[in-house]
Amino acid sequence: MHWSDVIAERLALDGNDHIIATGITPSGEFHIGHLREILTGDMITRAARRAGLNAELVFVVDNADPLRKVYPFLDASYEEFIGHQLGAIPAPDKDGKPDWERFENEGWSYGDHFLKPFLEALKQIGVEPRLIPNLTSYREGKFASSAKKACDDPDAIREIIERVSGRELPTDWFPWQPVDSKGSLDGLTITGYEYPLVMWTDQYGVNGQSDITKGEGKLPWRLDWPAKWGFNNITCEPFGKDHGAAGGSFATGVEIAAFFGHKPPQSLVYEWISLRGKGAMSSSSGNTVGPIEALRLVPPEILRLLIANSKPNKAIEFDTGMGLVNLADEYERLSSRDFTEELSSEKLSRRQRVQIEDAQAALRLSMVSAGERAEATSVSFRHLALLAQIKLRDDGIWSSLKESGAISDPSSVLSDRLTRMRAWIESKHFPEEMRIVILKQPDEASLSKLDEEQRMVIPHIAAELEAAEWTAEGITQAFKNAAIHAEAPMRSMYRACYAMFMGSERGPRLAPILANCIREDVCMLAHACSARLP
RNA sequence: GGGCCUGUAGCUCAGUCAGGUAGAGCGUCGGACUUUUAAUCCGAUGGUCGCGGGUUCGAACCCCGUCAGGCCCGCCA
């Protein structure tokens, strides 16, 4: 059974109505690691609906969280905002400086700035969750009841956190973080509490009061999270392994939720996504691939497949090179399979059956719109990558695909894919081994691997190319002539060609590629190869 | 120190929750297509399931131990 269906089955035991929550702090640029959070939630939601449940996906935007530090992409002037809530400070402009104008005129905040492109990517990828800006929840008093319980009995909360997490809280710890005279959550001393007011003194010596029913502050994270489960009626929430460790915020959250008087959600811990060879993704280190950037390269269904096809507890190494090619080809294969027929076989072992069912579920979850059928393009990513490099114009590709009988007319899926393919080829992510490069200098290593018969053809190739008509047809004819004159089979002739022009043993059809190259360059290379012969 | 996850074919991983003949894809090799857009099709190859013990008629799966790798325990998806 697919992992999403396992969760859906568990949810069904708890009733019919479910709210699946995801939550992210918009502290910097979003990356595909964040996509796992949202997509995991989305896939659970779809699976739950498929199981006949009433399910909704929500995205809690943690814009009540404070700015932790001045990230490299921020101007030094952000120093004054450290400790301030992300939804209450201006967004950085192009230079990383605070954009006061937009902040004051449109209320455009730091959190909005990073959230917006992520939401656009989500839309493309078929995820449109209900947004719950956390700062708004605070200001609307949604946290009031939980905050009151905590402030009325700080010792109970303290006991839970200290016992479950095993760490000691400072003696002046209080379960409410007021906003100080300048807007920061840091460096305050709590001097008293009388519902609904928390009295404080800030680091500048200013005294003030924070109304816990009006969002003049926030709950610390370990209380904030379980409080949200309550008033948002969360029944299920996937979260990263950082929260899932023993003594982590989920463990304390479970008990704190009970203290607040509601049930914790069904949980699912997922592993992180790292960039191949570069370690964990992190917005602050700049070691990221953003969802928008990823979508420029690959279609959304393939990004979805990446998540759907990996169990949540599997760490994913996102590889924008060959890994992406394999993933895309995997998608193509999946979409051309007939699962119904495969499953109708009586001979399947339980194991094989499970495998087929999981593949079917993964493909289903990869669709941008739930319920949509996968459309096989019958052109692999690999193949398209070749064509896109050889033919500079799209119609050239379509006509060549028609000739080979692969397609009759280019579908919108396929032309969309070609657009992204071209972007990918131009990007730094395109793998070198897929790149078609005609050599400039003879490649000694490849030439030396040729046998006697293959070498014999080289001078003939050089001579025939000199005389050839410089078109794909003319060059093909020259190749044939060379083989005939050398009295060698075509196989040997091609081997020699690939060694000469590409430094490889095999490759794509050469004639059309060479026809796009400058004749003098090709001939010079051919003669140079010929001259290297022993 | 406490805890989590991972370890199965050359590679990426299913299969472990419900014990019952070891599975896919990729790769590799071979063949076909009187040689080709790294194509496609067919076939073959390939594993003491990290290691040791235990339970069982039977263990990749359950239990105990152990080794290795990754990670978490202020914040981070």
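Treat the numbers as computed from the prediction; the structure is a model and nothing was measured. Chain letters run A, B, ... following the sequence lines, proteins first, then strands; residues in each count from 1.
Rounded to an integer number of Å, the gap from CZ of Arg163(A) to C1' of C73(B) is 16 Å. Taking atom CD on Glu317(A) and atom P on G69(B), their separation rounds to 17 Å, with Å as the unit. The distance from atom CG of Leu324(A) to atom P of U12(B) is 17 Å, rounded to the nearest whole Å. Atom-to-atom, NZ of Lys241(A) to P of G3(B) comes out at 18 Å; the value is rounded to the nearest Å. Following rounding to the nearest Å, Leu122(A) (CG) and A77(B) (C1') show an atom-to-atom distance of 13 Å. For the pair Leu13(A) CG and C17(B) C1', the interatomic distance rounds to 14 Å; values are reported in whole Å. Put simply, CG on Asn326(A) is 13 Å from C1' on A38(B), counting in whole angstrom units. What separates OH of Tyr498(A) from C1' of A39(B) is a distance of 11 Å, to the nearest Å.
Distances from the side chain of Leu386(A) to the nucleotides U37(B), C75(B), A77(B) place U37(B) closest. Of the candidates A38(B), C75(B), C72(B), the closest approach to any side-chain atom of Arg382(A) belongs to A38(B). Side chain of Leu387(A), nearest nucleotide from C75(B), A77(B), U37(B): U37(B). Minimum atom distance to the side chain of Asp358(A) is reached by A14(B), of the listed A38(B), C75(B), A14(B). Nearest nucleotide to the side chain of Ile390(A), out of C76(B), A77(B), U37(B): U37(B). Checking U37(B), A77(B), G74(B) against the side-chain heavy atoms of Arg167(A) singles out G74(B) as nearest. For Lys311(A), counting side-chain heavy atoms from C-beta on, the closest listed nucleotide (A14(B), A77(B), U36(B)) is A14(B). Residue Tyr494(A) places its side chain closer to U36(B) than to any other of A77(B), C75(B), U36(B). In the set G25(B), U37(B), A77(B), A77(B) carries the atom at the smallest distance from any side-chain atom of Trp272(A). With C5(B), C75(B), A38(B) as the candidates, the nucleotide lying closest to the side chain of Ile436(A) is A38(B).
With both ends at atom C1', the span from C49(B) to A68(B) equals 16 Å, rounded to whole Å. C63(B) and A18(B): their P atoms are spaced 10 Å apart (whole Å). Comparing C13(B) with G50(B), their P atoms sit 15 Å apart, to the nearest whole Å. Here the separation of G27(B) from G20(B), taken at their P atoms, is 31 Å to the nearest Å. G46(B) and A9(B): their C1' atoms are spaced 6 Å apart (whole Å). Spacing between G1(B) and A14(B) at atom C1', rounded to whole Å, works out to 36 Å. Comparing G53(B) with A39(B), their P atoms are spaced 46 Å from each other, to the whole Å. Look at the C1' atom in both G54(B) and G19(B): the space between them is 15 Å, to the nearest Å.
In this structure Tyr494(A) satisfies the ring pair (Phe, Tyr, Trp, His ring centres under 6.0 Å) test with no other residue, sequence neighbours excluded. Residues that satisfy the side chain to side chain donor-acceptor pair (under 3.5 Å) test with Ser310(A), not counting sequence neighbours, are absent from this structure.
Here the rule is side-chain contact (heavy atoms from CB on, under 4.5 Å) with Tyr498(A), and of Met500(A), Arg495(A), Met502(A) only Met502(A) fits it.
With the nearest nucleotide of RNA chain B identified for both Arg333(A) and Arg10(A), Arg10(A) has the one nearer the 5' end. Comparing Arg509(A) and Arg68(A) by the nucleotide of RNA chain B that holds the closest heavy atom to each, the one mapping nearer the 5' end is Arg509(A).
Rounding to the nearest 0.5 Å gives a distance of 4.0 Å between SG of Cys236(A) and CD1 of Ile44(A). For the atom pair Asp42(A) CG and Leu57(A) CG, the distance stands at 6.0 Å (nearest 0.5 Å).
Between Trp3(A) and Tyr270(A), the distance from one ring center to the other does not fall under 6.0 angstrom.
Distances shown here put a side-chain N or O of Asn313(A) below 4.0 Å from the OP1 or OP2 atom of U6(B). Contact annotation: Thr22(A) side-chain N/O to A77(B) OP1/OP2 distance is not under 4.0 Å. Lys314(A) has no side-chain polar atom (N or O) that falls below the 4.0 Å cut-off from OP1 or OP2 of U12(B).
Using cut-offs of 30° and 60° for the angle between ring planes, the Phe479(A) and Phe501(A) rings count as tilted. Classification of the Phe114(A)-Phe73(A) ring pair by plane angle, with boundaries at 30° and 60°, yields perpendicular. Using cut-offs of 30° and 60° on the angle between ring planes, the pair Tyr110(A) and Tyr78(A) is perpendicular.
A pairwise comparison of heavy atoms in Pro226(A) and Trp221(A) identifies CD-O, 4.3 Å as the closest pair.
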**Prompt:** RNA chain B in dot-bracket, Watson-Crick or G-U pairs under 3.5 Å, [ ] crossing, | other strand?
**Reply:** ((((((((.[[[[.)....(..]]]].(((((.......))))).....[[[[[..)....]]]]])))))))....
